[in-house]
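Worksheet: the structure to be examined is printed underneath.
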There are 2 protein chains.
Amino acid sequence: MPRTKGDHDARRRDVSEAVWRVLAAHGFGGLTMRAVATELGATTGLLTHYFPTKRDLVTYALDLLDTRSASRPRRTAGTGMSAVRAALLDILPLTGDATVSNRIWVSSWDTALADPELSDDYARKYARSRDKLRDLVAAAQESGELPAGDPARIAAGAQSFVLGLVVQALFAPETFPPDRQAELLDDYLAALVSLPSPNDGRAVRT
Amino acid sequence: MPRTKGDHDARRRDVSEAVWRVLAAHGFGGLTMRAVATELGATTGLLTHYFPTKRDLVTYALDLLDTRSASRPRRTAGTGMSAVRAALLDILPLTGDATVSNRIWVSSWDTALADPELSDDYARKYARSRDKLRDLVAAAQESGELPAGDPARIAAGAQSFVLGLVVQALFAPETFPPDRQAELLDDYLAALVSLPSPNDGRAVRT
């Protein structure tokens, strides 16, 4: 029987799933042709049909991470502080799927930092993410829910907070279950809300 | 001439330096016998004298990272909030050396997350680091510089903040030069200081 377009698409989905499972279990450090072939129940020979080189496999994996992150489910955002909170919660490993994709993100940092081009690409990704957050922060300031202050600076702080919380939760999921993560994020947001506006004399430099 | 203890120690130092330089440039993903041998100007045959297997090399590199981190220069701490601030500044990539060691730490997360035993080890490391921070937070609360609240919870938040700032600064050193990092940390600390004590009715949940 001739192979159909449907067979081809199904096989591509199988390859994606196999790459994703290898990344989830072993990270980018364990992403090899052999590991993906084993996961797929195929030969490494077949794999080279999809990925002529290891670099092609890594590029594919990075694209897959991007695509899956972009299409992940997100909270309906609301406005003001609830939109800021929703955007930050969307980043945290609060579900099984979000834990896997965060684990793969963190793992990809090793690969990204070793490659200047990829590193720039990651820097741009995080800058875009901060810009979105900055706009949400500015909206929360306009609605009076957040005190005045450079919204880009507040966004940079908030993004730092959630990225570091991701890392800690990945290493210690029992210490940082979803409720604990949300609680810590709410502490962070409560502190932002209570921060005096700049130059009103209450800000403390230690 | 027979080889002396001095020769042996000097060669071990050379090996350490070569491993460190490979990690700084390529991360754990690029840590291979060949890369270290090239860096050392030696054969991979000689390398197997020090590291019979790749796993031995990785274990050595992880120990080296631990040792160098433990012996890194630290700020004289003072007490209260200035001790909290000093401990957090000590983590950030504010110097060339601190940037290299942070870059290697972040890179090691891929290796650590892929290995359950190592992952537990990392979880314990970060727990110890939070415990130290918790004690400093508690001391700052006792001196009245920080409002009341669970010091372990405040420490977990502060550690999240600096870890995430490390990651962002590594990817975008021009966006997060040392002054900017310190400024963002000071914003974070100012928000902690201004946070109302729990249960006084001012804390805002969004």
Side-chain angles (χ1 to χ4, degrees), chain A residues 25-30 80-82 84-85 103 106-114 119-120 122-123 125-127 130 145 149 153-154 156-157 159-168 170-172 174-176 180 183-184 186-196 202-206, chain B residues 25-30 80-82 84-85 103 106-114 119-120 122-123 125-127 130 145 149 153-154 156-157 159-168 170-172 174-176 180 183-184 186-196 202-206:
Chain A
H26 309 293
F28 277 83
M81 277 307 278
S82 79
V84 173
R85 183 174 187 263
R103 184 251 180 278
V106 169
S107 150
S108 77
W109 292 341
D110 184 27
T111 304
L113 285 168
S119 199
D120 286 351
Y122 267 56
K125 264 194 245 292
Y126 287 118
R130 285 194 301 273
E145 288 179 88
R153 189 160 151 174
I154 294 170
Q159 181 149 297
S160 295
F161 184 82
V162 290
L163 284 181
L165 186 50
V166 164
V167 172
Q168 294 199 83
L170 290 179
F171 279 112
E174 286 170 25
T175 309
F176 297 95
R180 178 69 165 180
E183 194 174 74
L184 289 170
D186 284 331
D187 286 352
Y188 180 78
L189 295 176
L192 281 189
V193 164
S194 70
L195 193 65
R202 279 178 60 211
V204 177
R205 282 286 184 278
T206 54
Chain B
H26 309 294
F28 277 82
M81 278 306 278
S82 78
V84 172
R85 182 175 188 263
R103 186 251 179 276
V106 170
S107 150
S108 78
W109 291 340
D110 184 28
T111 304
L113 285 168
S119 199
D120 286 350
Y122 268 55
K125 264 195 244 293
Y126 287 118
R130 285 194 301 273
E145 287 179 89
R153 189 160 149 174
I154 295 170
Q159 182 149 295
S160 295
F161 183 82
V162 290
L163 285 181
L165 185 50
V166 164
V167 172
Q168 294 199 85
L170 289 178
F171 279 112
E174 284 169 26
T175 310
F176 297 94
R180 178 69 166 178
E183 194 174 73
L184 289 170
D186 284 331
D187 286 352
Y188 180 77
L189 295 176
L192 280 189
V193 165
S194 71
L195 194 64
R202 279 178 60 210
V204 177
R205 283 285 183 279
T206 53

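Worth knowing before you read on, the calculation uses all heavy atoms, side chains too, and leaves out hydrogens, waters and symmetry mates. Each chain gets a letter, A, B and so on, in the order the sequences are listed, and its residues count up from 1.
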Roughly how far apart are B/Gln168 CD and A/Leu163 CG, rounded to 0.5 Å?
-> 5.5 Å
A/Leu184 versus chain B, the contacting section by heavy-atom distance below 4.5 Å | side chain
Pairwise distance CG(B/Asp110) to NE2(A/His26) - rounded to 0.5 angstrom | 11.5 Å
So which part of B/Tyr188 gets closer than 4.5 Å to some heavy atom of chain A, the side chain, the backbone, both or neither?
-> side chain
Hey, what's the ring geometry for A/Trp109 with B/Phe171, parallel, tilted or perpendicular (30° and 60° as the breaks)?
-> perpendicular
A/Ser108 portion near chain B, given a 4.5 angstrom heavy-atom threshold | neither
Given that the side chain runs from C-beta out, which part of A/Ala127 has a heavy atom under 4.5 Å from chain B: side chain, backbone, both or neither?
-> neither
Nearest heavy-atom neighbours spanning A/Ala172 and B/Ala123 = CB-CB, 4.3 Å
With a 4.5 angstrom heavy-atom cut-off, which part of A/Thr111 approaches chain B: side chain, backbone, both or neither?
-> neither
Highest number of heavy-atom pairs under 4.5 Å with chain B: which of A/Gly29, A/Ala114, A/Ser107, A/Gly30?
-> A/Ser107
Turns out that what part of A/Ala156 lies under 4.5 Å from chain B's heavy atoms comes down to both
Quick one: which of A/Ala112, A/Ala25, A/Gly157 has the most heavy-atom pairs under 4.5 Å with chain B, could you say?
-> A/Gly157
